Amino acid sequence: MQLPEPSTTEGRAALDALLTDPAKALAAFDFDGTLAPIVDDPRASAPQPGVVELLASLAGRLGAVAVITGRPAATAVALGGLERVPGITVLGHYGAERWADGRVLAADPPPGVALVRDELPGLLGSVGAPEGTLVEDKGRSLAVHTRRAAEPDAALALLAPHLAALAERAGLRVEPGRMVIELRPEGVDKGVALSGLVEERAAGSVLYAGDDLGDLPAFDAVARLRAEGIPGLNVCSGSGEALGVAEAADLVVPGPAGLAEFLTALERALGRP
């Protein structure tokens with residue numbers, strides 16, 4: 001299996017840098033839609049077959065492997081079996097939580113999260129949220145999914161202004177995604193989280209893979225790091241649902257299955273540790 005070539009000069013340079021000096025490379029991944037296929041019920045999410053084993057193999061070749069997700073860190077670890085990846089760091093809630101070596105470190109969530117938790121059910125009832133609307137309580141944030149509604153996009157459009165007003169009153173931000181709107185604290189995003197990891201690990205190159213609008217701050221962080229002289233590669237796990245992500249990427253692969261194929265080719269290109 002041949003390693004696919006990024007479409008941009010910067011992406012090709014970053015992949016060359018990773019292959020030349022893998023011990024200084026950081027590879028970070030989103031979870032849902034990237035390592036794991038999107039499913040109607042987020043509680044039923046599971047990684048693409050074989051992808052965790054690939055991460056474990058790459059962890060022996062690369063300087064660092066990480067997952068940066070909007071989910072609670074412990075939830076991503078449990079759903080993905082990520083504890084099988086030696087030395088992995090899992091940043092949950094967009095970087096507000098950190099799982100490493102079986103422990104989660106996090107500050108208390110802001111009070112606005114509790115306000116949203118209390119008021120969201122009544123709000124959804126009062127505005128006539130369509131059947132199939134699902135609330136996911138992530139502990140530090142709440143997400144409203146419409147994927148199971150008869151008309152997911154129409155349901156999202158109906159709910160969006162009401163959720164935005166609730167978020168503003170609670171002092172939270174609105175994070176739109178693929179048939180989901182999340183209400184979460186200000187001040188954290190995947191770009192900040194990724195930049196922090198690069199600095200912490202003194203990474204000489206960085207690869208980030210994501211699929212949704214919440215991953216764009218990480219893509220932007222990679223662009224800023226490139227301007228500072230650190231080669232970076234943005235990989236989009238393509239779905240056709242978040243076109244702006246594909247347009248911002250150096251390499252687009254066909255969903256989690258395509259990412260697994262890319263990682264297989266990368267593993268082979270790196271050879272044995």
Side-chain angles (χ1 to χ4, degrees), residues 28-34 41-43 45 66-80 82 89-127 129 133-146 156 158-200 208 210-221 224 242:
F29 306 87
D30 169 50
F31 186 74
D32 293 287
T34 303
D41 186 343
R43 296 167 296 186
S45 182
V67 169
I68 306 176
T69 174
R71 287 186 184 263
T75 299
V77 172
L79 288 173
L82 299 178
T89 297
V90 180
L91 301 183
H93 285 296
Y94 304 89
E97 289 185 351
R98 181 188 186 105
W99 182 97
D101 299 324
R103 297 175 56 200
V104 174
L105 299 176
D108 292 335
V113 174
L115 185 151
V116 169
R117 182 176 293 113
D118 289 341
E119 296 193 11
L120 189 55
L123 172 67
L124 295 178
S126 67
V127 302
T133 301
L134 174 69
V135 175
E136 179 187 8
D137 190 333
K138 299 183 178 183
R140 301 183 65 88
S141 64
L142 289 98
V144 179
H145 297 263
T146 63
L156 206 64
L158 168 68
L159 298 175
H162 302 287
L163 295 175
L166 176 58
E168 182 176 5
R169 191 154 49 82
L172 303 181
R173 65 178 290 179
V174 170
E175 186 72 56
R178 293 163 59 182
M179 302 182 201
V180 61
I181 294 176
E182 184 170 353
L183 286 68
R184 64 180 180 85
E186 296 275 6
V188 292
D189 64 40
K190 292 185 179 183
V192 173
L194 181 63
S195 297
L197 277 178
V198 169
E199 181 177 1
E200 173 188 321
Y208 183 79
D211 75 303
D212 207 347
L213 300 178
D215 295 302
L216 289 177
F219 279 23
D220 291 341
R224 289 193 298 271

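Here the structure is a predicted model, which is why all the values come from computation and not from measurement.
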Can you check whether [X] reaches [Y] side chain to side chain, under 4.5 Å on heavy atoms?
X      : Y      : value
Val113 : Pro110 : yes
Asp32  : Asp212 : no
His93  : Pro72  : yes
Leu105 : Trp99  : no

Shortest non-hydrogen contact from [X] toward [Y]:
X      : Y      : answer
Val188 : Tyr94  : CB-O, 4.0 Å
Ala221 : Ser195 : CB-OG, 3.5 Å
Leu166 : Leu115 : CD1-CD2, 3.8 Å
Leu79  : Ser45  : CD2-O, 3.6 Å
Pro42  : Leu134 : CD-CD2, 3.5 Å
Leu82  : Ala76  : CD1-O, 3.6 Å

Asp41 (side chain) donor-acceptor with Arg43 (main chain) under 3.5 angstrom: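 Flag set: sc Asp41 to bb Arg43 pair under 3.5 Å.
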
Polar side-chain atom of Asp137 near backbone of Leu142 as donor-acceptor pair, under 3.5 Å: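 A pair under 3.5 Å: no.
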
Residue pairs fulfilling salt bridge (charged side-chain N to carboxylate O under 4.0 Å, His left out) with at least one residue in residues 89-110, sequence neighbours excluded: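 Of all non-adjacent pairs touching residues 89-110, those that pass salt bridge (charged side-chain N to carboxylate O under 4.0 Å, His left out) are Arg98-Glu200.
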
Residue pairs passing the salt bridge (charged side-chain N to carboxylate O under 4.0 Å, His left out) test where at least one lies in residues 180-197, sequence neighbours excluded: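 As it turns out, the salt bridge (charged side-chain N to carboxylate O under 4.0 Å, His left out) pairs with a partner in residues 180-197, which skip direct neighbours, are Asp30-Lys190, Lys138-Glu182, Glu175-Arg184, Lys190-Asp215.
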
Distance (rounded to the nearest 0.5 Å) between Leu158 CG and Thr146 OG1: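 Going from CG on Leu158 over to OG1 on Thr146, the span is 10.0 Å.
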
Heavy-atom neighbours of Glu168 CD exceed 12 at 6.0 Å: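 Open.
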
Leu183 and Leu163: CA distance, side-chain angles, deciding distance, side-chain contact (heavy atoms from CB on, under 4.5 Å) verdict: CA-CA 8 Å; Leu183 286 68; Leu163 295 175; 4.2 Å; yes

Leu91/Thr69 under side-chain contact (heavy atoms from CB on, under 4.5 Å): CA gap, chis, key distance, verdict: CA-CA 6 Å; Leu91 301 183; Thr69 174; over 6 Å; no

Basic-acidic side-chain contact under 4.0 Å: Glu136, Arg71: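 Counted as a salt bridge, because a side-chain N and a carboxylate O are separated by less than 4.0 Å.
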
